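A short write-up of the structure that comes next.
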Amino acid sequence: MIKVGIVGGTGYTGVELLRLLAQHPETEVAVITSRSEEGVKVTDMFPNLRGHYGGLAFSVPDPAALGACDVVFFATPHGVAHALAGELLDHGTRVIDLSADFRLQDAEEWARWYGQPHGAPGLLGEAVYGLPEVNREAIRKARLIAVPGCYPTATQLGLLPLLEKGLADPARLIADCKSGVSGAGRAAKIGSLFTEAGENMMAYSVKGHRHLPEISQGLRKAAGGLIGLTFVPHLTPMIRGIHATLYATVADTSVDLQALYEARYASEPFVDVMPAGSHPETRSVRGANLCRIAVHRPQGGDLVVVLSVIDNLVKGASGQALQNMNILFGLDERMGLGNAALLP
Ligand SMILES: NC(=O)c1ccc[n+]([C@@H]2O[C@H](COP(=O)([O-])OP(=O)(O)OC[C@H]3O[C@@H](n4cnc5c(N)ncnc54)[C@H](OP(=O)(O)O)[C@@H]3O)[C@@H](O)[C@H]2O)c1
């Protein structure tokens with residue numbers, strides 16, 4: 001059994017990890033932390049988990065207890081993994097971080113976007129960006145994995161096939177993305193109140209969102225050079241889901257894009273290229289570790305429109321984290337992740 005620790009067990013990605021790990025046959029959650037809920041039983045806080053996890057209770061983060069685990073997931077705000085990851089790696093524990101702490105390779109760029117110095121620049125050289133569809137081989141050998149953000153997962157998976165083949169104009173990419181409210185986490189905030197977010201839709205951070213440098217970093221790699229991306233996130237009144245509508249211009253309109261996308265993701269268990277003409281819905285991936293993609297070229301023009309949907313808490317966070325753990329420990333990548341989406 002793989003002994004698992006979770007730092008940040010009371011947040012939305014933490015409880016989603018617990019839900020997924022409850023169906024994973026090769027893991028046992030040994031430690032789960034919360035500073036505010038110390039001593040509270042996991043199943044008292046989250047009754048959906050009753051019948052799993054016995055008497056497991058939240059405890060304050062303790063490096064010795066976490067260091068006795070085979071793997072520790074960080075489901076915490078940025079900065080927390082910076083402070084603890086090095087010590088855990090020294091214990092021989094693998095670290096899978098769901099926060100942004102190790103996603104950007106450039107510590108100064110991270111500091112600019114997050115408004116504080118990078119807390120562990122010495123670890124950046126070995127951190128692996130945990131997008132299995134790009135980095136599977138590196139993930140197998142990693143000690144420290146940076147799980148991609150939700151918008152970056154939907155956007156990169158949607159644009160990679162075009163950029164890898166040099167088909168799209170890399171200077172004029174647009175990602176128009178919508179997120180459900182759980183993307184903002186479980187902490188109380190005015191903007192996340194039902195009365196504020198319900199029956200409403202708004203763009204935010206148009207000048208620059210923290211996911212922009214992460215998406216750009218991945219797309220630069222795919223394109224093999226500089227890219228220009230306009231990324232506009234929106235908040236929508238759903239609980240889970242990301243819908244990315246992606247725009248790119250192609251010079252050669254004779255390429256069969258449907259065949260290109262199907263070939264690129266043919267052996268990917270968690271990317272579903274839908275039939276030509278489809279419109280993937282966020283509810284078709286709710287609760288499932290899946291990215292569903294459809295590619296369009298309206299009226300046969302040179303503008304390609306890619307539709308890419310994920311559940312922000314699953315393929316956009318905890319499911320992808322578990323997928324990384326499976327790869328890292330040499331397990332079947334699909335273990336514990338085989339459930340179909342919830343519908344309706
Ligand atoms: N929500 C999403 O859709 C999503 C998607 C992808 C990635 N992410 C990233 O995943 C991380 C967690 O997101 P979330 O939405 O689950 O957040 P959240 O709901 O706000 O939960 C945060 C968790 O971290 C713990 N925590 C906060 N400060 C801490 C500290 N200084 N030391 C130790 N534990 C601390 C909290 O428990 P206590 O305060 O009780 O200790 C809580 O359990 C974030 O970095 C987020 O950006 C989120």
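Note that the coordinates shown come from a computational prediction; the quantities given were computed from them, not determined experimentally. Counting begins at 1 with the first residue of the sequence. Whatever order the structure lists ligands and atoms in, that order sets their numbers, starting from 1.
For ligand 1, the atoms closer than 4.0 angstrom to any heavy atom of Ala317 are 5 (C), 6 (C). Contact atoms of ligand 1 toward Arg103: 7 (C) (distance under 4.0 Å to a heavy atom of the residue). For ligand 1 and Gly185, the ligand atoms under 4.0 Å from any heavy atom of the residue are 15 (O), 19 (O). The ligand atoms of ligand 1 that sit less than 4.0 angstrom from a heavy atom of Ser34 are 38 (P), 40 (O), 41 (O). Applying the 4.0 Å criterion to heavy atoms of Val80 picks out, from ligand 1, the atoms 29 (C), 30 (C), 31 (N), 32 (N), 33 (C). Atoms of ligand 1 lying under 4.0 Å from at least one heavy atom of Gly316, given by number and element, are 5 (C), 6 (C). Here is the list of ligand 1 atoms found below 4.0 Å of a heavy atom in Tyr12: 16 (O), 19 (O). Those atoms of ligand 1 that come under 4.0 Å of a heavy atom in Gly9, given as number and element, are 43 (O).
Checked by atom type and distance alone, the side chain of Asn324 pairs as donor or acceptor with a backbone atom of Gly130 at under 3.5 Å. Side-chain N or O atoms of Tyr247 include none that pairs as donor or acceptor with a backbone N or O of Asp176 at under 3.5 Å. With hydrogens and angles ignored, the 3.5 Å screen pairs no side-chain donor or acceptor of Arg264 with any backbone N or O of Leu160. Judged by distance alone, with hydrogens and angles left aside, the side-chain atoms of His296 form no donor-acceptor pair with the main-chain N or O of Pro298 at under 3.5 Å. For the pair Arg334 (side chain) and Leu337 (backbone), a donor-acceptor distance under 3.5 Å is absent. In this structure a side-chain-to-backbone donor-acceptor pair under 3.5 Å is missing from Asn312 to Ile242.
When Ile6, Val147, Leu98 are ranked by how near their heavy atoms come to atom 10 (O) of ligand 1, first place goes to Leu98. Compare Cys150, Ser36, Gly8 by their heavy atoms: the one nearest to atom 25 (C) of ligand 1 is in Gly8. Remark: among candidates Leu313, Thr10, Val314, the nearest residue to atom 37 (O) of ligand 1 is Thr10, based on non-hydrogen atoms.
Of all protein heavy atoms, the one lying nearest to atom 19 (O) of ligand 1 is Arg186 N, 2.8 Å. Nearest to atom 3 (O) of ligand 1 among the protein's heavy atoms is Asn312 ND2, 2.8 Å. The single protein non-hydrogen atom nearest to atom 11 (C) of ligand 1 is Thr76 O, 3.2 Å, given as residue, atom name and distance. The protein heavy atom nearest to atom 13 (O) of ligand 1 is Thr13 OG1, 3.6 Å. In terms of protein heavy-atom proximity, atom 22 (C) of ligand 1 is nearest to Ala75 O, 3.8 Å.
Between Glu37 and ligand 1, no pair of N/O atoms sits closer than 3.5 Å. Taking any N or O of Ser182, backbone or side chain, at least one lies under 3.5 Å from an N or O belonging to ligand 1. Between Gly11 and ligand 1, a contact under 3.5 Å exists for at least one N or O pair. Checking only distances, Arg35 does come within under 3.5 Å of ligand 1, N or O to N or O.
Figure legend: Arg240 and Tyr12 shown without cation-pi pairing, the cationic atom not lying both under 6.0 angstrom from the six-membered ring centre and within 45 degrees of its axis.
Residues Arg292 and Ser284 bring a donor and an acceptor atom of their side chains to less than 3.5 Å of each other. Side-chain N/O atoms of Asn289 and Gln323 include a donor and acceptor closer than 3.5 Å. Residues Glu214 and Tyr151 have side chains that never bring a donor and an acceptor to within less than 3.5 angstrom of each other.
Within a 6.0 Å radius of CD in Glu108, no more than 12 heavy atoms belonging to other residues, nucleotides or ligands are found. With a 6.0 Å radius and a threshold of 12 heavy atoms from other residues, nucleotides or ligands, Arg50 has its CZ atom at or below the threshold.
For atom 46 (C) of ligand 1, the nearest protein heavy atom is 4.0 Å or more away. When distances from atom 32 (N) of ligand 1 to the protein are checked, a heavy atom turns up under 4.0 Å.
The aromatic rings of His118 and His82 lie tilted to each other, with the angle between the two planes from 30° to 60°.
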